[in-house]
2 protein chains.
Amino acid sequence: MDYETLCQDCRLVELCLPYGLPKTELEQFETIVKNKAPLLTDQYLYQQDDKCRSLFVVKTGSFRSFIYSEDGAEQTIGFYLPGELMGFDAFQHGRFTSSSIALETSKVCELPLSKLNDLCRLIPSLQSQMLRVLGKEIESDHNQILLLSHRSAKEKMATFLLRLSHRYNALGFSKTEFNLTMKRQDIANFLGLTNETVSRLLAELNHQGIITINRRNVKINNIDSLKVIVE
Amino acid sequence: MDYETLCQDCRLVELCLPYGLPKTELEQFETIVKNKAPLLTDQYLYQQDDKCRSLFVVKTGSFRSFIYSEDGAEQTIGFYLPGELMGFDAFQHGRFTSSSIALETSKVCELPLSKLNDLCRLIPSLQSQMLRVLGKEIESDHNQILLLSHRSAKEKMATFLLRLSHRYNALGFSKTEFNLTMKRQDIANFLGLTNETVSRLLAELNHQGIITINRRNVKINNIDSLKVIVE
DNA sequence: CGAATCATTGAACGACCTCAAGTTTTGTGG
DNA sequence: CCACAAAACTTGAGGTCGTTCAATGATTCG
């Protein structure tokens, strides 16, 4: 077996689906994980309406998921960092209702649904984990709804930065300095804004000294100021 | 056993969790369904941060779910009609992350989680149904994100009416005439608008003859016009 | 019947968008 | 490695849609 598929040695195991599984069951889980060739920037992991045969976990890199609305415009639904699962939206009809694209060279673990389902029946705690992760997805969508509904552009921008900071921190990276792997346009679309507005807001935060931004590199100088903006 | 708990005789069974279960398994499922006293208008089904011991299905009436954001303001997350499940957002940490309140006198079926989990292990097709319904919830949240991000107030309003029409139709009710069970304020909040804007938009649609609205009674006179607005 | 809640309507303001031009960075082929 | 084109990003000016504030009307309920 390929070294890379060993969950036991994966630094992300505590954030991932098999979190909390006893060693013997973790070993069972490892056997269903498939490797996939790394994806290059702008390469699709899956496309809307594709038949869904697997779920995917980000191992390295990052992804953007989005939906084509009826008029053909894209709507970004979310960004995925290491340890996060993608593909749940296909559970209803067996086909993906969104597309997922690599924002940089990225690796994923593939979890074939047929095997995953069988294993869930054998391992109740894996079953619970599945539901927990699904609940997390729903909660995160609710937070996004919250953000989009009644927040000013500035609040949206600050929240976006704080959430990224939080997620990178959970991954063991710096919570004050990181690189945005997505375009301004992607952020704007995700937040229900225009890229011009995003550009201006980042410039303003930069000017106020709250962040230092250079292209895609962000340094948060005053995290509390961001929190004040969000309230 | 109370008659009301018999899923076999429930007109909603095709929309509900046990959809597609063979008769013997449906009978098993029925044994875990608990009755609950009907809820009156403005009565909470559950509150944010409550420990989640059960999921709930709307049997009659309707509900509004919402989240208190940090500043204490409410954000309406969704409206629930008969056949729809509530409570999934609690899967992550075992506590509800939203509150649910009856919009009118309403009945629910209660599905105790402990028993439901056990049964899912025994009945694989129930397990699949759970995931399917969860996928539906996620897809519906994604549609809401889509709606909130880049749609004009008019598009939001038209979409809202069309979705209600569609859902009432699926329940066997008229798709052209129904009563709104929620306040203008609730609709506004749900759509990321103000109640004044909702009022004006409904008045405008009424003026154009596309709908006829009288307080909470809506008649859709020209469903195609609504679809044109949505595109 | 009176108070409270819900809904409607008007006028003015402002946040964000649109349009447009310019700058910086990235990518490609010679 | 350079030249050039394309893409990404920034910045400015003006316009618009939806909000805010305010007043009035309709309905519900004790």
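Protein chains get the first letters and strands the later ones, always in sequence-line order, with residue 1 at the start of each.
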Residue Leu193(B), side-chain atoms from C-beta onward, closest of dA7(C), dC16(C), dG18(D):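 The listed nucleotide nearest to Leu193(B)'s side chain is dG18(D).
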Nucleotide of dG18(D), dC16(C), dA7(C) approaching Arg184(B) most closely (side-chain heavy atoms):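 Closest nucleotide among those given: dA7(C).
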If the condition is side-chain contact (heavy atoms from CB on, under 4.5 Å), which residues does Thr181(A) pass it with, not counting sequence neighbours?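 If we apply the side-chain contact (heavy atoms from CB on, under 4.5 Å) test to Thr181(A), skipping adjacent residues, the hits are Ser62(A), Leu103(A), Glu104(A), Tyr168(A).
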Using the side-chain contact (heavy atoms from CB on, under 4.5 Å) criterion, which residues pair with Ala170(B)? Sequence neighbours excluded.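 With sequence neighbours excluded, Ala170(B) shows a side-chain contact (heavy atoms from CB on, under 4.5 Å) to no residue whatsoever.
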Can you give me the closest heavy-atom contact between Pro82(A) and Gly61(A), atom names plus distance?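 Residues Pro82(A) and Gly61(A), closest heavy atoms: CD-O, 3.3 Å.
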With no hydrogens and no angle check, do the side chains of His142(A) and Asp89(B) hold a donor and an acceptor under 3.5 Å apart?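 Looking only at side-chain atoms, Asp89(B) and His142(A) do not form any donor-acceptor pair under 3.5 Å.
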Calculate the interatomic distance between [X] atom [atom1] and [N] atom [atom2]; express it in whole Å.
{"X": "Glu155(B)", "N": "dG18(D)", "atom1": "CD", "atom2": "C1'", "value": "14 Å"}
{"X": "Asn195(A)", "N": "dA20(C)", "atom1": "CG", "atom2": "P", "value": "15 Å"}
{"X": "Asn217(A)", "N": "dC9(D)", "atom1": "CG", "atom2": "C1'", "value": "15 Å"}
{"X": "Leu202(B)", "N": "dA7(C)", "atom1": "CG", "atom2": "C1'", "value": "10 Å"}
{"X": "Met157(A)", "N": "dC9(D)", "atom1": "CE", "atom2": "P", "value": "12 Å"}
{"X": "Asp42(A)", "N": "dG27(C)", "atom1": "CG", "atom2": "P", "value": "10 Å"}
{"X": "Gln185(A)", "N": "dT18(C)", "atom1": "CD", "atom2": "P", "value": "11 Å"}
{"X": "Leu191(B)", "N": "dG18(D)", "atom1": "CG", "atom2": "C1'", "value": "13 Å"}

State plainly whether the residues Glu84(A) and Arg167(A) are in salt-bridge range, i.e. N to O under 4.0 Å.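 The answer is yes: the pair qualifies as a salt bridge.
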Can you tell whether the side chains of Arg64(B) and Asp186(B) come within less than 4.0 Å, N to carboxylate O?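 Yes, this pair counts.
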Are Tyr46(A) and Tyr44(A) close enough that their ring centres sit under 6.0 Å apart?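 So the answer is no for these two rings.
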Using heavy atoms to find the nearest nucleotide of DNA chain C for Val198(B) and Lys154(A) separately, return the residue whose nucleotide is more 5′.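 So the residue in question is Val198(B).
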Whether each nucleotide of nucleotides 20-28 of chain D has a protein heavy atom under 4.0 Å at its base (B), only at its sugar-phosphate (S) or at neither (-) is summarised, 5' to 3', as BBB----S-
